[in-house]
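Inspection log for the structure reproduced underneath, given as structure tokens.
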Amino acid sequence: KQEVTQIPAALSVPEGENLVLNCSFTDSAIYNLQWFRQDPGKGLTSLLLIQSSQREQTSGRLNASLDKSSGRSTLYIAASQPGDSATYLCAVYSGSARQLTFGSGTQLTVLP
Amino acid sequence: KAGVTQTPRYLIKTRGQQVTLSCSPISGHRSVSWYQQTPGQGLQFLFEYFSETQRNKGNFPGRFSGRQFSNSRSEMNVSTLELGDSALYLCASSFQGDQETQYFGPGTRLLVL
């Protein structure tokens, strides 16, 4: 059974800092990995999707990497801003399960 | 293009009642998945529908059911509500479901008293 872990559970940084969020998964037989953002009481916004054959994806100040063999992904946020404050979730799509399995998220606070 | 919409946004029910939630996917999307989000369990997969057929189901009791219509809109039903069913219910749509970006709606927050 696929399990996804995110560390740290919460992170508080001053504005302008570069930061890294971590995600690990137990079963490397994945089709893809997605990073989402969730604002309080809201739905999920997709940030980046990395296919299993890819090593990284970039969108603006965000860069996500994937090391499938070691079961790890990182989300790098450059020059953080208060508007980046949210919970960041990673999820893996496993072909055998045909569903997204989510981590418990990292709650990020960027202080002005 | 309009995003995924869910109705109602908020709902209060009492134990033993039943509830129906609705999800309208992005136009052209044929796959709709449902998730339950609670503080204790996080996001858990309920089921996925594709072209009116349930293609996959998570580990939830039979009180949770769903269906999809020919226009890809989906409904989720929970019968005999329990206090533990209080949660944010999210639906997500994609064109075919596999290996694609999932687009989530704003969710329906259900409170069971």
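Side-chain atoms are counted along with the backbone in the values below, which use heavy atoms only and exclude waters and symmetry mates. Lettering of chains follows the sequences in order, A, B, ..., and the numbering in each one begins at 1.
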**Message:** Using the rule that Ile, Leu, Val, Met, Phe, Trp and Tyr join whenever any side-chain heavy atoms are under 4.5 Å apart, tell me whether A:Val4 and A:Leu48 fall into a single cluster.
**Reply:** yes
**Complete:** Applying a strict 4.5 Å limit to non-hydrogen atoms, the region of A:Gln99 in contact with chain B is both
**Message:** Does B:Asn71 have more than 12 heavy atoms from other residues, nucleotides or ligands lying within 6.0 Å of its CG?
**Reply:** yes
**Request:** Please list all pairs passing the salt bridge (Lys or Arg N to Asp or Glu O under 4.0 Å) test where one or both residues lie in residues 7-21 of chain B, with sequence neighbours left out.
**Result:** none
**Complete:** Pair count under 4.5 Å, heavy atoms only, with chain A: among B:Ser33, B:Gly107, B:Pro106, highest is B:Pro106
**Asked** Which distance, rounded to the nearest 0.5 Å, do you find between the CD of A:Gln34 and the CD of B:Glu100?
**Response** 9.5 Å
**Message:** Counting only heavy atoms not in A:Gln107 (residues, nucleotides, ligands), do more than 12 fall under 6.0 Å from its CD?
**Reply:** no
**Fill in**
Partner of B:Leu43 under side chain to side chain contact (heavy atoms under 4.5 Å, CB included), picked from A:Leu44, A:Leu100, A:Thr101, is A:Leu44
**Request:** Side chain from CB out, backbone as N, CA, C, O: work out which of these in B:Gln37 comes under 4.5 Å of a heavy atom of chain A, or both, or neither.
**Result:** side chain
**Prompt:** Which atom names give the shortest non-hydrogen contact between A:Phe36 and B:Gln102, and what distance separates them?
**Reply:** CE2-O, 3.6 Å
**Prompt:** Any idea which heavy atoms bring B:Thr101 and A:Ser46 closest together, and the distance?
**Reply:** CG2-OG, 3.3 Å
**Asked** Taking everything shown except A:Arg72 itself, do over 12 heavy atoms lie less than 6.0 Å from its CZ?
**Response** no
**Residues, nucleotides or ligands: over 12 heavy atoms within 6.0 Å of B:Tyr103 OH** = no
**Request:** Sort B:Phe47 into side chain, backbone, both or neither according to what part of it lies under 4.5 angstrom from a heavy atom of chain A.
**Result:** neither
**Message:** Taking A:Val92 as the starting point, is it possible to reach A:Leu47 by hopping between hydrophobic residues whose side chains are less than 4.5 Å apart?
**Reply:** yes
**Message:** Need one label for A:Leu89: side chain, backbone, both or neither, based on atoms under 4.5 Å from any heavy atom in chain B.
**Reply:** side chain
**Prompt:** Does the side chain of A:Gln38 reach to within under 4.5 Å of the side chain of B:Leu88, using non-hydrogen atoms?
**Reply:** yes
